[in-house]
Amino acid sequence: MDESHVEGDLVETLFTEQQIQSRLAELAARIEEDYAGRDILHVGVLRGAVMVMADLARHFGRHVEMDWMAISSYGSGTKSSGVVRILKDLDTDISGRDVLVVEDIIDTGLTLSWLVSNLTSRGPASVEICTLLRKPEALQMSVEVRYVGFDIPNQFVVGYGLDYDERYRNLRSIGTLAPHVYS
Ligand code: PRP
């Protein structure tokens, strides 16, 4: 894969395409086992989760139903405030459904904590979370996450859905950004 359009922007690759895909395959196998005989509704949180949703789903050997939410944190710039508004709600009635929220990253945990309580209020059979990345050191709100791809240090990462200023989402790998990109 030619990633030369951003060559030099990444300092370090944390996870290669192969590492991400093999971890997603493991998670999909676990999820299939855990939900044997039950239909899951996968809920992706736009926009960063698009890649994880697509690739996780393609590791399943069963039908995968997907729906999407777009939410936005009120408050300052890039920091989560925990106060969230819904920009696009689910099209699906989730009452009585087994819901699996699929995320690219849990940082402070504020977004997911709000989302889980919002979804729970709609009367689903269950709500669980699958996230590719989690930053344990950045957590401000404890969130119970059943499926975690990788725990990472508290550093800014891009690629595979994660952006800096709406760029780098299309990278197949995940890495840290060189300081010169910020300046
Ligand atoms: C990211 C990620 C989560 C949220 C996690 O989305 O997809 O939704 O931040 O952060 P938190 O744990 O600190 O609440 P972001 O707001 O960057 O939007 P995007 O998916 O459109 O890039």
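Numbering of ligands and ligand atoms starts at 1, following listing order. Side-chain atoms are counted along with the backbone in the values below, which use heavy atoms only and exclude waters and symmetry mates. Sequential numbering from 1 along the given sequence is applied to the chain's residues.
- Applying the side chain to side chain contact (heavy atoms under 4.5 Å, CB included) test between Trp68 and each of Leu90, Val50, Asp91 identifies Val50 as the sole match.
- The atoms of ligand 1 that sit less than 4.0 Å from any heavy atom of Gly48 are 19 (P), 20 (O), 21 (O).
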Apply the test side chain to side chain contact (heavy atoms under 4.5 Å, CB included) to residues Val45 and Ile71: give CA-CA distance (whole Å), side-chain angles for both, the deciding distance (0.1 Å), then the verdict. CA-CA 7 Å; Val45 185; Ile71 55 184; 3.9 Å; yes

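- Cluster annotation: Phe15 and Leu132 are assigned to the same hydrophobic cluster (Ile/Leu/Val/Met/Phe/Trp/Tyr, side-chain heavy-atom contacts under 4.5 Å, transitive).
- Atoms of ligand 1 found under 4.0 Å from any heavy atom of Thr108 (numbered from 1 in listed order, with element): 11 (P), 12 (O), 13 (O), 14 (O).
- In this structure, Arg47 does not pair ionically with Asp163, as no charged nitrogen and carboxylate oxygen lie closer than 4.0 Å.
- Below 3.5 Å of separation, one finds no N or O of Ile105 facing any N or O of ligand 1.
- Within the 4.0 Å heavy-atom cutoff, Leu110 counts among the residues contacting ligand 1.
- Each of Arg23, Glu32, Glu26, Gln21 was checked for a side-chain hydrogen bond (donor to acceptor under 3.5 Å, both in side chains) with His59, and the lone residue meeting it is Gln21.
- Nearest residue to atom 3 (C) of ligand 1 from Glu166, Glu103, Arg134 is Glu103 (criterion: closest heavy atom).
- Counted by atom type alone, Tyr168 and Asp9 present one or more donor-acceptor pairs between their side chains at under 3.5 Å.
- In this structure, of Arg47, Gln140, Lys135, Arg169, the residue bringing a heavy atom nearest to atom 22 (O) of ligand 1 is Arg169.
- With Leu139 as reference, Ile106 is the one residue of Asn154, Ile106, Thr108 to meet the side chain to side chain contact (heavy atoms under 4.5 Å, CB included) rule.
- Between Gly109 and ligand 1 there is a heavy-atom distance shorter than 4.0 Å.
- Side-chain N or O atoms of Asp165 include none that pairs as donor or acceptor with a backbone N or O of Arg167 at under 3.5 Å.
- Shown in contact with Thr111 at under 4.0 Å from a heavy atom are these atoms of ligand 1, numbered in order with element: 4 (C), 8 (O), 10 (O), 11 (P), 14 (O).
- For ligand 1 and Leu46, the ligand atoms under 4.0 Å from any heavy atom of the residue are 20 (O), 21 (O).
- Heavy-atom contacts of Asp163 reach the following atoms of ligand 1: 22 (O) (cutoff under 4.0 Å).
- Of all atoms in ligand 1, listed by their number and element, those nearer than 4.0 Å to a heavy atom of Asp104 are 2 (C), 7 (O).
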